Engineer: 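Pasting a structure here, questions to come.
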Amino acid sequence: MTEKRKYYLTTAIPYVNARPHLGMAFEYVQTDVIARHHRALGDDVFFLTGADENSLKNVQAAEAEGIPTAELVARNTGRFIELTRRLEISNDDFIRTVESKHHVGSQKLWSACRPEDIYKQKYQGLYCVGCEAFYTESELVDGKCPEHQRPPDLVEEENYFFRLSNYQERLERLIASDELRIVPEIRKNEILSFIRSGLHDFSISRSRERARDWGVAVPGDPSQVMYVWFDALSNYITALDYGLDSAADSGSRFARYWPADVHVIGKGIIRFHAVYWPAMLLSAGVPLPKTLFVHGYINLAGVKMSKSLGTVVDPVELIDKYGVEVVRYYLSRYIHPFQDSDFTYEQLEATYTADLAKGLGNLLSRSLTMIEKCGGTIPRGGDGAEDEVAIRALFAEIFTAYERFMADFEFGRALDKVWEGQAALDRYITIHKPWELAKNPARAGELHTVLYILAEGLRMLASLIAPVMPATATEIWRRLGLERPLGEVAWADHKRWGLLAEGLTVDKGAPLFPWLAK
RNA sequence: UGCGGGGUGGAGCAGUUGGUAGCUCGUUGGGCUCAUAACCCAAAGGUCGAAGGUUCGAAUCCUUCCCCCGCUACCA
């Protein structure tokens, strides 16, 4: 038995001052698809998600509601946890940045940074007391805060800074060489041009007063609290117990899983992940993550999702209306993994009808009905006829392409290949007319071959859709009479034509994807 | 201002060594009847944002222009 290869992947941790929207669901689903696929491949997967609770915005939101910050944060984080459950996300842990081990780990990371990379300096800025935030000249409207219509104060404060400028050349080299790989290429180029334009040091702390005594204390300086990004990014290692005494053990999570194989993030936060984060790790002598997968955003009818515009889609409502599997399928196949995409109910319903009801669901239904009419068990198949060879070759090719697309985070294209298999089976039925073969006892052998090919093809389709629609895949397996859990089957067996044994009793069941109510 | 991405039949997309423009959905016509009024076949539909250039030949290379979007730092 060879040692399992480890695979560590993460989502970004959202700040929790608002309800989760469809964009976060998209990120959860994509990351989950990667995680489930890697488990199917046999990897020892650790899938982390979590919540960023140390942002000053949480303090403000709590004040606005008149409740303690800790209470607000716990409540709002609960909504994100609820969403991961409703989406049936298979995360192995959920890190909250209010956890003490996160504070300890963040402080450890700070302390591990080279002393010459962190320095204290006076910072001067235009500060709006109402917003509790600094503004740049360009953000002001007529010299006033756009929110409160009043001129900001010139505030001077001493903060810690990180010497990002020290890392410009190294970061450029690491990214250009793909040692730190950024997918897709466009994001890599974007960040490279940013780095080449010159990196400036950035502030990594706030005064405790300004931070409202909320956040992670700077080690050795009680007057300062970490700038939220510094601690937020460190969640990727603190969740693995970095900073705890036990982390030094060879059997610890940190030793086992770090560095991350992929951080899944939205395009809006690429800079923090492609520049700040690796620089911090370099300074602290911690290995770098291997890949950043940067996804695009979901627009609503061409308009950015925005609460103020009322253009938000609540993923939980979608799940209530269409079901988790459908939402996961739609997001995986039709929201572009790299570019921004539009979300529309029309497209969602159209793909449901075309791909799921008329496609996969109907194929399963007609196939199992025919098997039930012909004895109800999986017949002996495989006479090596020309058509069977063609179907087998097609599925082999589908698996190959699917693996490549999944490795490139091209989930939609991977699913396109899967549906090629579905379409091929429908065509196969039309060509061989099993209902006619059934009328002629002399052609029983042919009939059995046709039915076996259908059942075996469906079995393969189930294993291919499993990362995206785990419950549907499992249900197809059950109806085919398979008892061994799908998840326990090795990838090499999933790919092997002929895994399905004859004699299993099938169960047609109700339509997998019934017509949507008008 | 600068850098980058996009502009392909009704919709969503593919198309990087230049060589008669593809896919899925939708539409229309036909076929089949095992199936969730599902399935199969066929057809219609595009001067590939605009103009110019290179070339025997360009969606694909060059130039200019138009439209949309992203980034242009301490912003979850």
Side-chain angles (χ1 to χ4, degrees), chain A residues 12-18 23-24 51-52 54-58 123 125 133-136 138-139 159 161-162 164 184-206 227-230 232 265-272 275-276 296-297 299 302 304 333-336 338-342 344 346-347 350-351 353-374 412-413 415-416 419-420 422-423 425-438 450-451 454 508 510-516:
Chain A
I13 53 172
Y15 69 110
V16 295
N17 69 343
M24 197 60 214
D52 172 11
N54 293 333
S55 166
L56 184 57
K57 299 206 174 179
N58 293 325
Y123 178 80
F134 281 95
Y135 279 96
T136 61
S138 59
E139 287 171 325
N159 295 143
F161 278 72
F162 184 85
L164 192 62
E185 191 91 1
I186 168 189
R187 291 335 345 165
K188 171 182 171 180
N189 294 336
E190 195 173 289
I191 213 69
L192 277 174
S193 78
F194 170 73
I195 292 172
R196 285 168 182 150
S197 73
L199 296 180
H200 307 163
D201 296 350
F202 68 106
S203 126
I204 52 172
S205 76
R206 303 282 187 250
Y227 169 47
V228 66
W229 269 104
F230 193 98
I265 59 171
K267 66 180 186 181
I269 54 175
I270 180 174
R271 180 165 309 150
F272 303 98
V275 179
Y276 292 14
Y297 287 158
N299 295 325
K304 196 178 238 173
R333 186 160 184 192
Y334 293 105
I335 301 298
H336 195 109
F338 308 140
Q339 299 168 265
D340 291 1
S341 299
D342 267 344
T344 64
E346 292 72 21
Q347 189 191 32
T351 65
T353 301
D355 303 338
L356 301 178
K358 294 183 181 181
L360 184 62
N362 184 240
L363 173 66
L364 180 75
S365 183
R366 64 197 303 213
S367 301
L368 294 188
T369 298
M370 284 183 285
I371 293 173
E372 288 202 338
K373 285 181 177 175
C374 299
R413 292 211 185 183
L415 290 170
D416 286 345
W419 259 257
E420 274 182 36
Q422 180 267 313
L425 293 176
D426 264 330
R427 228 175 292 125
Y428 180 81
I429 294 174
T430 302
I431 291 168
H432 290 276
K433 301 181 173 56
W435 55 91
E436 284 188 8
L437 296 176
V450 169
L451 296 181
L454 290 177
K508 183 193 172 200
L512 224 41
F513 300 103
W515 291 101
L516 290 174

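Note that this is a predicted model, so its numbers are computed, not measured. Reckoned from all heavy atoms, side chains included, excluding hydrogens, waters and symmetry mates. Throughout, a chain's letter reflects where its sequence line sits, starting with A, and its residues are numbered from 1.
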Engineer: By the 4.0 Å heavy-atom rule, please label Leu199(A) as base, sugar-phosphate, or nothing.
Structural biologist: base
Engineer: Which is true for Ile13(A) with a 4.0 Å heavy-atom rule: it touches a base, it touches only sugar-phosphate, or it touches nothing?
Structural biologist: base
Engineer: Which nucleotide wins on minimum distance to the side chain of Glu436(A), given the candidates A14(B), U33(B), C74(B)?
Structural biologist: U33(B)
Engineer: Under the side chain to side chain donor-acceptor pair (under 3.5 Å) test, which residues partner Ser203(A), sequence neighbours left out?
Structural biologist: Arg206(A)
Engineer: Take the protein atom CG of Leu516(A) and the nucleotide atom P of U36(B), then report the distance between them rounded to whole Å.
Structural biologist: 17 Å
Engineer: May I ask which nucleotide in the shown strands pairs with A42(B), Watson-Crick or G-U wobble, both distances under 3.5 Å?
Structural biologist: U28(B)
Engineer: Closest to the Gln347(A) side chain: C74(B), A35(B), G12(B)?
Structural biologist: G12(B)
Engineer: Is there a Watson-Crick or G-U wobble partner for C74(B) with both distances under 3.5 Å, and which nucleotide is it?
Structural biologist: none
Engineer: For the P atoms, the ones on G22(B) and on A42(B), what distance do you get once it is rounded to whole angstrom?
Structural biologist: 15 Å
Engineer: What is the nucleic acid contact for Ala232(A), judged by heavy atoms within less than 4.0 Å: base, sugar-phosphate only, or nothing?
Structural biologist: base
Engineer: Return all side-chain donor-acceptor pairs below 3.5 angstrom for residues 190-199 of chain A, not counting sequence neighbours, or 'none' if the list is empty.
Structural biologist:
{"unit_1": "Glu190(A)", "atom_1": "OE1", "unit_2": "Arg187(A)", "atom_2": "NH2", "d": "3.1"}
{"unit_1": "Ser193(A)", "atom_1": "OG", "unit_2": "Glu190(A)", "atom_2": "O", "d": "3.0"}
{"unit_1": "Arg196(A)", "atom_1": "NE", "unit_2": "Glu172(A)", "atom_2": "OE2", "d": "2.8"}
{"unit_1": "Arg196(A)", "atom_1": "NH2", "unit_2": "Glu172(A)", "atom_2": "OE2", "d": "3.4"}
{"unit_1": "Ser197(A)", "atom_1": "OG", "unit_2": "Phe194(A)", "atom_2": "O", "d": "2.6"}

Engineer: Hey, is Trp435(A) doing a stacking thing with C34(B), by the 5.5 Å centroid and 30° angle criteria?
Structural biologist: yes
Engineer: Does G12(B) have a Watson-Crick or wobble mate here (both distances under 3.5 Å), and if so which one?
Structural biologist: C23(B)
Engineer: Give me the distance, rounded to whole Å, that separates A50(B) from A11(B) when you measure between the P atoms they each carry.
Structural biologist: 15 Å
Engineer: Determine the Euclidean distance between corresponding P atoms of U33(B) and A58(B); express it in Å to zero decimal places.
Structural biologist: 50 Å
Engineer: Taking atom C1' in both G70(B) and U17(B), compute the distance separating them and give it to the nearest angstrom.
Structural biologist: 30 Å
Engineer: For the pair Leu454(A) and Met370(A), evaluate side-chain contact (heavy atoms from CB on, under 4.5 Å) and give the outcome as yes or no after the intermediate values.
Structural biologist: CA-CA 10 Å; Leu454(A) 290 177; Met370(A) 284 183 285; 4.1 Å; yes
Engineer: With a 4.0 Å cut-off on heavy atoms, is Thr369(A) in touch with a base, just the backbone sugar-phosphate, or nothing at all?
Structural biologist: sugar-phosphate
Engineer: Which listed nucleotide (C75(B), C40(B), U36(B)) is nearest to the side chain of Ala357(A)?
Structural biologist: U36(B)
Engineer: Picking from C75(B), G70(B), A37(B), which would you name as closest to the side chain of Lys267(A)?
Structural biologist: G70(B)
Engineer: Given C75(B), A14(B), C34(B), identify the nucleotide with an atom nearest to the side chain of Lys373(A).
Structural biologist: C34(B)
Engineer: Can you find a side chain N or O atom of Arg271(A) that sits less than 4.0 Å from OP1 or OP2 on U72(B)?
Structural biologist: yes
Engineer: Can you tell me how far P in U28(B) sits from the matching atom in A38(B), rounded to whole Å?
Structural biologist: 13 Å
Engineer: Nearest to the side chain of Thr430(A), which nucleotide is it out of U36(B), C74(B), C40(B)?
Structural biologist: C40(B)
Engineer: Taking protein heavy atoms under 4.0 Å as touching, what does nucleotides 21-30 of chain B look like 5' to 3' if B marks base contact, S marks sugar-phosphate-only contact and - marks none?
Structural biologist: ----SS----
Engineer: Quick check for you: to the nearest 0.5 Å, what is the distance between Leu363(A) atom CG and Leu356(A) atom CG?
Structural biologist: 12.5 Å
Engineer: OP1 or OP2 of A37(B) sitting under 4.0 Å from any side-chain N/O of Trp515(A)?
Structural biologist: yes
Engineer: Taking only residues two or more places apart in sequence, or in another chain, which ones meet Glu420(A) in a side chain to side chain donor-acceptor pair (under 3.5 Å)?
Structural biologist: Lys417(A)
Engineer: Can you tell me how far C1' in G9(B) sits from the matching atom in A14(B), rounded to whole Å?
Structural biologist: 14 Å
Engineer: Give a yes/no on whether any side-chain N or O of Lys508(A) is located under 4.0 angstrom from OP1 or OP2 of U36(B).
Structural biologist: yes
Engineer: Would you indicate what Trp229(A) reaches in the nucleic acid, counting non-hydrogen atoms under 4.0 angstrom: base, sugar-phosphate, or nothing?
Structural biologist: base
Engineer: Work out how far the C1' atom of U27(B) is from that of G12(B), and round it to whole angstrom.
Structural biologist: 16 Å
Engineer: Considering only C74(B), A35(B), U33(B), which nucleotide approaches the side chain of Ser203(A) most closely?
Structural biologist: C74(B)
Engineer: Determine which pairs satisfy salt bridge (charged side-chain N to carboxylate O under 4.0 Å, His left out) with at least one residue from residues 356-374 of chain A, sequence neighbours left out, and list them in order.
Structural biologist: Arg366(A)-Asp426(A)
Engineer: So, using side chain to side chain donor-acceptor pair (under 3.5 Å) as the criterion, who are the partners of Tyr334(A) when residues are at least two apart?
Structural biologist: Asp355(A)
Engineer: For Tyr276(A), give me all partners under ring pair (Phe, Tyr, Trp, His ring centres under 6.0 Å), at least two apart in sequence or on another chain.
Structural biologist: Phe202(A), Phe272(A)
Engineer: Strictly under 4.0 angstrom, non-hydrogen atoms only: write out the protein contact profile of nucleotides 3-10 of chain B, one letter per nucleotide from the 5' end, B, S or -.
Structural biologist: -SS-----
Engineer: If pairing requires Watson-Crick or G-U wobble contacts with both distances under 3.5 Å, which nucleotide is the partner of G52(B)?
Structural biologist: C62(B)
Engineer: Which value, in whole Å, describes the distance between the P atoms of nucleotides U8(B) and G46(B)?
Structural biologist: 15 Å
Engineer: Go through the structure and list residues passing side chain to side chain donor-acceptor pair (under 3.5 Å) with Ser367(A), not counting sequence neighbours.
Structural biologist: none
